[in-house]
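Numbering of residues begins at 1 and proceeds along the displayed sequence.
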Amino acid sequence: MSFDELPATGTIRRAPTGTIERAGRTGRAEPIELLRRVPYGRLATSMRALPFLTVARHIVCDGRILLRMHSGFGHHEACDGSVVAYGADNYNADGGGDYDDAVSGVGGDLWSVQFTGPAEIVHPCPEQERLFGTAPVSVDGEPFAPAYLRVDPHFVTEHTLNF
């Protein structure tokens, strides 16, 4: 059995035809669509045989995820052509830091979405660049220089904390 054939309840996976299949979803937003509710997530892969995790701004376009990150660290080059993992959540989406407000705020329950898939360096069109919004001025004291990756999600999972 190949990785793409593994059954997984509550996940979506890319079918051989290039479409995303649903498994066990009823009346809830698709996991990839949940990413539209938060602006940042975490990208994970390896660089020089060591794992690393970095923050990235994301947008959802045509079922794929576009990421914007600082080019100065070379993370985008390490990811280009590799399978990466990306995750985002609404655990602190309200910004207030109060646990009770996060639980009782808009949307109520907490969720996290993780996916894996191949990444490639891309150059977004002007409309996509606008969707990212204002870029940071600097990263660790260096002027921010954007780099963009497109990730094609092949295996997607969602976890929820219900209160």
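Scanning both residues, E142 and G72, for their nearest heavy atoms gives OE1-CA, 4.2 Å. The minimum heavy-atom distance between Y40 and A88, with the atom names listed, is O-CB, 3.8 Å. Minimum heavy-atom separation, V38 to W111: CG2-CH2, 3.9 Å. In this structure, I65 and V60 approach most closely via the heavy-atom pair CD1-CG2, 4.0 Å. Considering every non-hydrogen atom in both M47 and A78, the closest pair reads CG-CB, 3.8 Å. Scanning all heavy atoms of the two residues, the minimum distance from G41 to H58 falls at N-ND1, 3.8 Å.
Between the CZ atom of R42 and the CG atom of L53 there is a distance of 7.0 Å, given to the nearest 0.5 Å. One finds the CG atom of D89 at 11.5 Å from the CD atom of E158 (value rounded to the nearest 0.5 Å). The NE2 atom of H123 sits 10.5 Å away from atom CD of E129, with the distance rounded to the nearest 0.5 Å. If you take SG on C125 and CZ on R130, they are separated by 7.5 Å, rounding to the nearest 0.5 Å.
With hydrogens and angles ignored, the 3.5 Å screen pairs no side-chain donor or acceptor of Y86 with any backbone N or O of L67. The closest donor-acceptor contact from the side chain of S71 to the backbone of A147 lies at 3.5 Å or more, if one exists at all.
A donor-acceptor contact under 3.5 angstrom links the side chains of Q114 and S112, judged on distance only.
Below 30°, between 30° and 60°, or above 60°: for F73 and H70 the angle between ring planes is above 60°, a perpendicular geometry.
Applying the salt bridge (Lys or Arg N to Asp or Glu O under 4.0 Å) test to R57 and every residue at least two apart in sequence or in another chain returns nothing.
Of the residues T157, D152, V151, the one that meets the side-chain contact (heavy atoms from CB on, under 4.5 Å) test with F115 is V151.
The cluster map of Ile, Leu, Val, Met, Phe, Trp and Tyr, joined by side-chain heavy atoms under 4.5 Å apart, puts F144 and L149 in different clusters.
By the 4.0 Å N-to-carboxylate-O rule, R36 lies close enough to E33 to be salt-bridged with it.
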Test side-chain contact (heavy atoms from CB on, under 4.5 Å) on H75 and L43; report intermediate values, then the result. CA-CA 9 Å; H75 295 158; L43 175 69; 5.5 Å; no

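Side-chain heavy-atom separations under 4.5 angstrom define the hydrophobic clusters, and the remaining members of the one that includes V122 are I59, L66, L131, F132, Y148.
Taking 4.5 Å as the limit, some side-chain heavy atom of H154 sits within range of a side-chain heavy atom of P118.
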